[in-house]
Participant: 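Dumping the structure here so I can ask a few things about it.
Lettering of chains follows the sequences in order, A, B, ..., and the numbering in each one begins at 1. Basis for what follows: all heavy atoms, side chains included, without hydrogens, waters or symmetry-related copies.
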Amino acid sequence: MKSPLRRISFNVVLRLFASGREISDEALLRSVDQCRSLSALQKLHFEVASRRPLASDPAAAIKLMRAYALCGDPVGARRLFDESSERNVVFFNVMIRSYVANGRSHDALFLFSDMVRLYGVRPDNYTYPCALKACSSSENLAGGIQIHGSVTKLGLDSNLFVGNALITMYARSGNCLDARSVFDEMPHRDIVSWNAIIAGYSQSGLAEKAMELFREIRQSRRPRFDAGTMASILPAMSNAKQADIELTRAVFDEIRGRNLISWNAMIAVYANNSLPSEALNLFIKMEKEEIEPDVVTLASVLPACGDLSALSLGKKLHEHINKKQMLPNLILENALMDMYANCGCLPEAKEVFSNMKGRDVVSWTAIISAYGMHGRGREAISLFEQMKDSGIKPDHIAFVSVLSACSYSGLLDDGNHYFDMMKERYQLVPRLEHYACMVDLLGRSGQVEKAYDFVKKMPVEPNERIWGALLGACRVHSNMSVGLISADHLFRLVPKQSGYYVLLSNIYARAGRWKDVSVVRSLMASKGIKKSPGCSIVEIGGKVYNFYIGDRSHPRTKEIYAELEALLGKMKEAGYRAETDAALHDVEEEDKEGHLLAHSEKLAIAFALISSGEKTQIRITMNLRMCGDCHRAAKLISEIRGREIVIKDCNRFHRFEGGVCSCGDYW
DNA sequence: ATAGGGTTAG
């Protein structure tokens with residue numbers, strides 16, 4: 001959004017000077033208003049200064065000051081302010097706003113207090129909203145209260161703009177109750193008042209209160225929604241109820257003046273609620289309507305690409321970012337790294353990281369997670385150390401990244417080391433995510449009982465992640481007793497999640513307890529739980545192919561199965577034997593006519609082998625945990641065909657190369 | 001001549 005605007009205004013200036021025609025003062029000032037590029041503005045400024053009487057016109061000076069602020073140069077605005085002989089209240093108002101708009105609230109408030117004390121200029125109804133905004137952005141409650149006092153004395157507290165600014169000031173400094181009473185006592189309210197109070201609740205974590213008001217606007221025929229309403233409700237919409245998401249979509253569809261912000265907000269609602277396909281579909285719709293995405297749009301869409309492993313779209317977005325010269329931009333670069341990592345492209349993630357001009361804790365966390373997810377724990381740890389050396393303090397999430405890296409690579413000692421470090425050296429209180437990593441680490445190292453003790457001693461209530469990690473460990477180490485306990489908790493926490501029933505039946509199957517396997521099966525049936533069908537996705541030449549078990553719908557089905565038969569022969573030579581317990585991966589009957597050979601992972605691998613270049617990496621994404629038989633097969637195939645195969649299952653990445661997997665056969 | 005709310009990353 002920024003760059004096209006910049007180009008247009010720059011062209012305006014070029015045309016202006018190249019035309020050689022006489023340009024009216026009015027036209028000149030109009031270009032000052034439109035100008036968003038500092039270098040162009042300086043040319044315009046020079047032109048204004050050379051004209052009489054325009055050069056001494058306060059209106060022209062005001063426009064120039066405003067333009068300097070919009071170009072991100074409050075110092076330029078200040079220069080004009082200082083040079084001007086006329087110093088009325090408008091000059092102060094514009095100068096104060098220039099500071100606020102450029103994040104310099106301190107300078108804004110300084111000038112605000114000077115204007116009366118030193119210059120004897122009295123603030124007016126334009127000044128107070130700006131001064132209050134300076135208090136909001138610096139969370140300066142004391143200053144805000146003081147201004148509230150002056151405003152009340154002057155009777156300006158009934159002013160709409162002042163009231164709206166007061167709401168934000170109180171909410172942002174942690175006083176939602178005061179914000180609400182300002183809102184309730186306002187004689188007149190417009191949509192901005194509603195947005196301000198909704199945003200106040202929403203940003204303070206009072207999601208339900210925010211939603212209440214959001215619904216209320218719709219029912220009352222009062223002010224109509226605008227894009228700002230959607231943006232205001234956004235922070236209250238993570239883990240939102242389906243009904244609320246649908247309501248927001250309905251609002252999005254019906255607001256007038258749908259603009260970039262409303263599109264961005266709606267896309268973000270989907271992206272933040274694990275609805276990546278909806279986010280991408282809306283983005284595609286936005287493109288069709290020829291609305292130019294900006295940095296904010298891209299930062300919301302990239303994570304959705306990562307969630308879906310939509311690499312070709314992700315790459316297109318990267319190209320767009322480069323074409324529009326949006327980099328360097330910390331947020332975008334962080335989002336890009338994450339997208340590449342989640343699409344299984346570690347080298348690309350690394351490249352983005354290496355090219356960054358500045359890195360914050362989010363950047364480091366993203367690259368540490370990237371290495372961790374790909375089973376490269378040692379390198380992840382080394383990056384974590386580099387981050388500390390560079391003076392960046394790890395936070396909660398940074399510790400999640402390093403701990404999960406340890407857990408994915410089975411580095412128990414290192415995990416313990418960092419778990420202690422976060423508590424002792426950084427005084428961070430471990431959260432469920434950190435505990436989950438530790439449970440996973442202990443479980444992986446075979447200490448299932450110890451992991452269970454750890455869970456029992458946790459000061460917080462274990463959640464699905466924790467019991468899921470424990471149940472996973474029980475499957476690998478065939479621990480029946482702890483497995484039953486974990487499964488029991490999981491069935492109560494997430495009764496509809498079929499994956500855990502499958503894990504439990506795997507444990508029974510390994511112990512040869514076939515009766516219990518069928519008990520689990522009938523339990524699922526009685527609860528009406530369907531095993532989610534395994535699906536593997538592979539992208540070839542920018543096209544996405546879905547494979548299901550026993551799939552014969554692909555036009556190249558014959559070749560795919562022929563490739564599988566050929567591979568089976570070679571695999572047998574290498575000692576492969578189909579193992580029966582893996583067949584129980586499928587609790588349902590569906591597998592009867594199918595064969596292990598027809599599992600979706602294998603179909604996708606075979607298809608990728610016959611339809612992509614010889615040395616290219618194969619990337620597959622699937623919705624379940626990889627089954628043991630497919631895992632064994634993938635290892636062998638990577639060796640037989642000399643291909644690197646990266647499979648992202650619902651739990652982690654597996655990178656197969658030369659007959660081994662990066663997960664170390666634990667997942 | 002000037003004002004208030006609101007969107008993005010691990």
Participant: For A/Q203, which contact category applies under a 4.0 Å heavy-atom criterion: base, sugar-phosphate, or nothing?
Facilitator: sugar-phosphate
Participant: Short of 4.0 Å, heavy atom to strand atom, which residues of residues 69-78 of chain A count as contacting DNA chain B?
Facilitator: none
Participant: From the options B/dA3, B/dA9, B/dT2, select the nucleotide whose nearest atom is closest to the side chain of A/I331.
Facilitator: B/dA9
Participant: Are A/E319 and A/K316 within salt-bridge range, i.e. N to O under 4.0 Å?
Facilitator: no
Participant: Among all residues two or more places apart in sequence or in another chain, which pass the salt bridge (Lys or Arg N to Asp or Glu O under 4.0 Å) test with A/R215?
Facilitator: A/E208, A/D244
Participant: Given B/dA1, B/dG6, B/dA9, which nucleotide is nearest the side-chain atoms of A/P303?
Facilitator: B/dA9
Participant: Atom CG of A/L54 and atom P of B/dA1: how far apart are they, to the nearest Å?
Facilitator: 13 Å
Participant: Within the modelled atom types, does a donor on one side and an acceptor on the other bring the side chain of A/N88 and the base of B/dA1 under 3.5 Å apart?
Facilitator: yes
Participant: Is there a donor and acceptor pair closer than 3.5 Å between the side chain of A/S232 and the base of B/dG6?
Facilitator: no
Participant: Under 4.0 Å, heavy atoms only, any strand: does A/L160 hit a base, just the sugar-phosphate, or nothing?
Facilitator: base
Participant: If a pair satisfies side chain to side chain donor-acceptor pair (under 3.5 Å) and one of its residues is in residues 58-69 of chain A, list it, with sequence neighbours excluded.
Facilitator: A/D33-A/K63, A/H45-A/Y68
Participant: Given atom CG of A/N334 and atom P of B/dA9, what is their separation to the nearest angstrom?
Facilitator: 10 Å
Participant: Look at A/R97 and B/dA1 and indicate whether a side-chain polar atom (N or O) is within less than 4.0 Å of OP1 or OP2.
Facilitator: no
Participant: Under 4.0 Å, counting only non-hydrogen atoms across every strand here, what does A/A265 touch: a base, just sugar-phosphate, or nothing?
Facilitator: nothing
Participant: Find the distance A/L428:CG to B/dG10:C1' and express it as a whole number of Å.
Facilitator: 15 Å
Participant: Do A/D360 and B/dG10 have a side chain to base donor-acceptor pair shorter than 3.5 Å?
Facilitator: no
Participant: Looking at residues at least two apart in the chain, or sitting in another chain, which of them share a salt bridge (Lys or Arg N to Asp or Glu O under 4.0 Å) with A/D107?
Facilitator: A/R104
Participant: Across the strands shown, which category fits A/A227 at heavy-atom distances under 4.0 angstrom: base, sugar-phosphate, nothing?
Facilitator: base
Participant: Can you name the residues that form a salt bridge (Lys or Arg N to Asp or Glu O under 4.0 Å) with A/R376, not counting sequence neighbours?
Facilitator: A/E379
Participant: Could you check how far CE of A/M339 sits from P of B/dA9, rounded to whole Å?
Facilitator: 15 Å
Participant: Are A/K324 and A/D294 close enough for a salt bridge, meaning some N to O gap below 4.0 Å?
Facilitator: no
Participant: Nearest to the side chain of A/L330 - B/dA9, B/dT2, B/dT8?
Facilitator: B/dA9
Participant: Salt bridge or not between A/E289 and A/R258? Use side-chain N to carboxylate O under 4.0 Å.
Facilitator: yes
Participant: NA contact type, A/V89, heavy-atom cut-off 4.0 Å: base, sugar-phosphate, or nothing?
Facilitator: nothing
Participant: Rounded to whole Å, how long is the line connecting atom CD1 of A/I261 with atom C1' of B/dT7?
Facilitator: 6 Å
Participant: When you get a sec, tell me which of B/dA3, B/dA1, B/dT7 is the closest nucleotide to the side chain of A/A59?
Facilitator: B/dA1
Participant: Hey, does A/V90 reach any base, or is it just sugar-phosphate, or nothing, if we go heavy atoms under 4.0 Å?
Facilitator: base
Participant: OP1 or OP2 of B/dG6 less than 4.0 angstrom from a side-chain nitrogen or oxygen of A/R172, does that happen here?
Facilitator: yes
Participant: Please report the distance, rounded to the nearest Å, between CE in A/M387 and P in B/dG10.
Facilitator: 16 Å
Participant: Tell me what A/D57 touches on the nucleic acid: a base, only sugar-phosphate, or nothing, going by heavy atoms under 4.0 Å.
Facilitator: nothing
Participant: Kindly state each residue pair satisfying ring-ring contact (aromatic ring centres under 6.0 Å, His included) with at least one member in residues 324-343 of chain A, sequence neighbours excluded.
Facilitator: A/H318-A/Y340
